[in-house]
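For reference, the structure is listed below as C-alpha cells.
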Amino acid sequence: MDFLPALIMSAFIGGVAGYLGSLMLSKRMALVGGPLGHLSLPGIALALIYGFDVSLGAFLFIVVGIIFIWLVEVRTKLPMEAITALVFASGVATSFVFLPEDKTVPALIGDISQITPDIVVMVIVLSSAIFFVTKRIYSKMILVSISEDLARVEGIDTKKFNFIYLACIALVISLGVRIVGGLMTAAIVAIPACTSKNLSKTLTQYAYGGLVLGSLGCILGIAAAEVTGVSAGSAIIMANTAIFLVSLVLKRAT
Amino acid sequence: MSRCEGVWALRMVKTMLKVDNLNVAFNGFDVITDLSFEVKEGEVLVILGPNGAGKTTLLRALLGLIPYRGNVVWATEDISYLPPQELWERRGLPPLSIEEFFRFKAVSMERILNIFQRVGLDPSLLKRGYGALSTGQFQRMIIGWALVDDPSVLLFDEPTSGIDIGGQETIYSLLHSFWKERNLTILLVTHDLNVVWEHAETVLCMNREKLCYGNPHKVLTPEELEKIYGAGIKHYEHTHR
C-alpha cells in the first residue's frame with residue numbers, strides 16, 4: 001500500500017461520507033448506504049474483470065438503481081428506504097453470477113493497494129464538489145424533514161432537492177467502495193454521523209462533526225492497516241466503531 | 001372620514017385571494033366541491049367545520065401543495081403557512097438549535113431577537129434544542145418563525161390543538177395583536193367557536209362544500225351550527241366584544 005496517497009484519498013472520502021451521512025441519518029436513511037453499496041457490486045465486478053475504475057463501475061450501477069428508486073418514490077410515495085430494499089438484493093445476486101473468485105474479496109471489502117496520483121486528484125476534486133453541493137442543500141433538506149408542506153411553501157423544490165441529494169449519495173457510495181468495498185459502505189456514512197450526534201448540540205456541530213470524525217476514522221484506519229497489515233477497509237470500519245464507543249463514554253460523562 | 005371617503009376606502013381594499021369553483025378529489029373521492037370565496041387584504045377569515053370537512057385540504061390546495069380543479073388567485077406571493085402541530089416533525093431530528101431553525105429563513109439576528117420578544121419568549125431559548133420546547137413555547141416559537149420575515153398573509157391550521165385554555169387565549173391574543181399592527185391577512189382553521197366570535201370578520205363553514213359564508217354574527221345561527229356539527233350542539237355567542 002502506498003501510505004500517503006491512500007491516507008489522503010481515504011481522509012477525503014471519509015470526510016465527505018461522514019458529512020453527507022449526517023444528513024442521511026437525519027432523514028433516517030443512514031442504512032441506505034449499505035443496499036446501494038451492494039447494488040454497486042455488479043459494477044465493481046465488471047470493473048475488476050475489464051480493468052476500468054471501480055468507482056466508475058459502481059457509479060453506473062448505483063445511478064440506474066437510484067433513478068429507479070426516485071421514479072418509484074415519486075409515483076408511489078412509498079418510503080425511499082423500502083424501495084431501496086426492493087432493488088439492492090438483485091445487485092448482489094447478479095454480481096455473484098459472474099464475479100471471479102479471486103476478485104471477490106477486493107469487491108466486497110475494498111482494495112487500496114494500487115492508487116495512482118490521478119486517482120487521488122480525482123477523489124479530492126469529487127469529494128470537494130460533493131461537499132459543497134451537500135452544504136448548499138443541507139438546511140433545506142432538514143426543513144423538508146421537519147415538514148414537507150412548510151418547505152414547499154418556503155419555495156423549496158422538494159423533488160429537485162431530493163434528486164440532488166440522491167445524486168450526492170450515489171457519488172459518495174461510488175467513492176466509498178474504493179476504500180471499504182461494496183459490503184461495508186453503510187458504515188462510513190452511518191457511524192461518523194451517529195458519533196457526531198452523540199457529541200453535538202447544534203446542527204453546525206453535528207454536520208461538521210460528521211466530516212471531521214469520518215475523516216479521522218479513515219486516517220486512523222489506514223494507519224492501523226499500515227502497521228498491522230489487516231485490510232484497510234476492515235481497519236477503517238473498526239476505527240470508526242472505536243471512535244463511536246469513545247463518544248458513548250463522553251456522552252455519558254456530560 | 002366623510003361617508004364618501006369611507007366608500008372609496010372600502011372600494012380600494014385589495015382582494016388578496018380569490019377562489020372560484022374549487023374542487024379537490026383524492027382517489028376519485030370528492031373532498032371539496034365547488035367552493036368559491038374571496039379574502040380581502042387585512043381580513044381574518046376563519047374556516048370552520050367538523051373533522052374530515054376538508055379544512056386542511058382546503059389550505060393545502062390554496063397553497064398549491066395538492067392538485068385541484070378550479071381557480072385560486074393570490075395577489076401576493078408573500079405567504080406564510082403553519083401546518084397543524086401534529087404534522088411538524090419534532091422528534092428524531094438531528095441536533096438543531098432554535099436559532100439555527102430561524103436562520104433557515106436567512107434573517108438577521110436583530111429581527112430574530114425582536115420577534116422573540118414580541119411572541120413573549122426569552123432570548124435564552126434560542127440556544128435550546130428544537131425538540132426541547134414545551135407545547136406552548138413551541139407554538140409561540142413557530143408563530144414567531146412564520147412572522148419573522150414579515151409576510152402579508154398567514155395561513156394557520158389548528159394553532160391551539162394540544163394547548164390548555166389559558167395558552168389558547170394567549171396564542172389568539174398574540175395573533176390578534178400582529179393582525180392589528182401589520183395589517184396581516186389571516187386564514188385560520190379552527191374548531192373553536194369562541195375564536196370565531198371574538199376574532200373573525202368572516203367565517204367560512206364547510207363540510208366538503210360551502211355551508212355558510214359571511215359575517216359570523218349574521219350567518220352562524222343555531223340552525224346553521226346544527227347543520228355543520230349535527231344536532232346537539234349548543235353555543236352561546238359572547239356579547240362582550
Side-chain angles (χ1 to χ4, degrees), chain A residues 18-30 74 76-77 79 81 134-159 161 189-190 192-211 247 251 254, chain B residues 26-27 56-66 74 76-107 126-133 138 141-143 145-146 148-149 151 153-157 187 189:
Chain A
Y19 185 71
L20 183 67
S22 68
L23 185 57
M24 291 169 72
L25 180 64
S26 69
K27 295 180 76 61
R28 294 172 193 165
M29 279 182 63
V74 168
T76 64
K77 288 279 170 196
E81 220 163 23
T134 308
K135 190 169 182 286
R136 281 190 74 99
I137 66 168
Y138 203 108
S139 60
K140 295 175 175 66
M141 293 302 286
I142 297 291
L143 192 57
V144 174
S145 299
I146 289 172
S147 162
E148 188 170 336
D149 281 356
L150 195 69
R152 286 176 64 191
V153 174
E154 291 298 316
I156 295 169
D157 183 342
T158 50
K159 281 182 189 164
F161 277 87
V189 290
C194 292
T195 311
S196 184
K197 194 169 183 181
N198 281 343
L199 300 173
S200 311
K201 287 198 163 62
T202 68
L203 193 64
T204 311
Q205 288 170 1
Y206 169 66
Y208 287 102
L211 179 90
S247 79
K251 187 180 165 73
T254 52
Chain B
F26 288 138
N27 302 322
T56 297
T57 302
L58 171 61
L59 290 194
R60 297 186 76 221
L62 296 179
L63 291 163
L65 297 171
I66 48 172
W74 287 98
T76 178
E77 290 184 353
D78 199 7
I79 301 166
S80 238
Y81 169 55
L82 290 174
Q85 274 221 32
E86 60 270 22
L87 295 186
W88 289 72
E89 180 67 52
R90 289 183 68 186
R91 308 274 172 251
L93 287 171
L96 172 70
S97 72
I98 302 297
E99 182 182 337
E100 285 175 321
F101 179 56
F102 272 80
R103 293 286 192 190
F104 286 172
K105 281 208 165 183
V107 288
L126 282 168
K127 300 286 173 217
R128 189 80 70 85
Y130 170 88
L133 298 185
F138 186 80
M141 186 276 287
I142 61 174
I143 290 175
W145 194 81
V148 72
D149 51 354
V153 182
L154 178 65
L155 278 75
F156 212 161
D157 196 343
L187 277 75
V189 163

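Since we're looking at a predicted model, the values are computed, not measured. Quick note on labels: first sequence line is chain A, next is B, and so on, each numbered from 1.
For B:Arg60, the part lying under 4.5 angstrom from a heavy atom of chain A is the side chain only. No part of B:Lys127 comes within reach of chain A, as not one of its non-hydrogen atoms sits under 4.5 angstrom from that chain. Within the 4.5 angstrom heavy-atom criterion, only side-chain atoms of B:Leu63, from C-beta onward, approach chain A.
Environment of NZ in B:Lys105: crowded, with over 12 heavy atoms of neighbouring residues, nucleotides or ligands closer than 6.0 Å.
Atom CG of A:Asp149 and atom CG of B:Asp157 lie 9.5 Å apart (nearest 0.5 Å). Between A:Thr202 atom OG1 and B:Phe101 atom CZ the span is 15.5 Å, to the nearest 0.5 Å.
A heavy-atom distance below 4.5 Å is not found between the side chains of B:Phe104 and A:Leu150. Side-chain contact between B:Leu96 and A:Ile146: present, with at least one pair of heavy atoms (C-beta onward) separated by less than 4.5 Å.
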Show me the donor-acceptor pairs, under 3.5 Å and distance only, between side chains in residues 76-84 of chain B and residues at least two apart or in other chains.
residue, atom, partner, partner atom, Å
B:Thr76, OG1, B:Asp78, N, 2.9
B:Asp78, OD2, B:Ser152, OG, 3.3
B:Ser80, OG, B:Ala146, O, 2.8

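For A:Arg152, the side-chain contact (heavy atoms from CB on, under 4.5 Å) test picks out A:Glu148, A:Thr158, B:Leu65, with sequence neighbours left out.
When A:Leu25, A:Ile142, A:Leu23 are compared by the number of non-hydrogen pairs under 4.5 Å with chain B, A:Ile142 comes out ahead.
B:Glu100 contributes a side-chain N or O that, together with a main-chain N or O of A:Thr204, makes up a donor-acceptor pair within less than 3.5 Å.
Of all non-hydrogen atoms in B:Pro94 and A:Lys197, the two that sit nearest each other are CA-CE, 4.4 Å.
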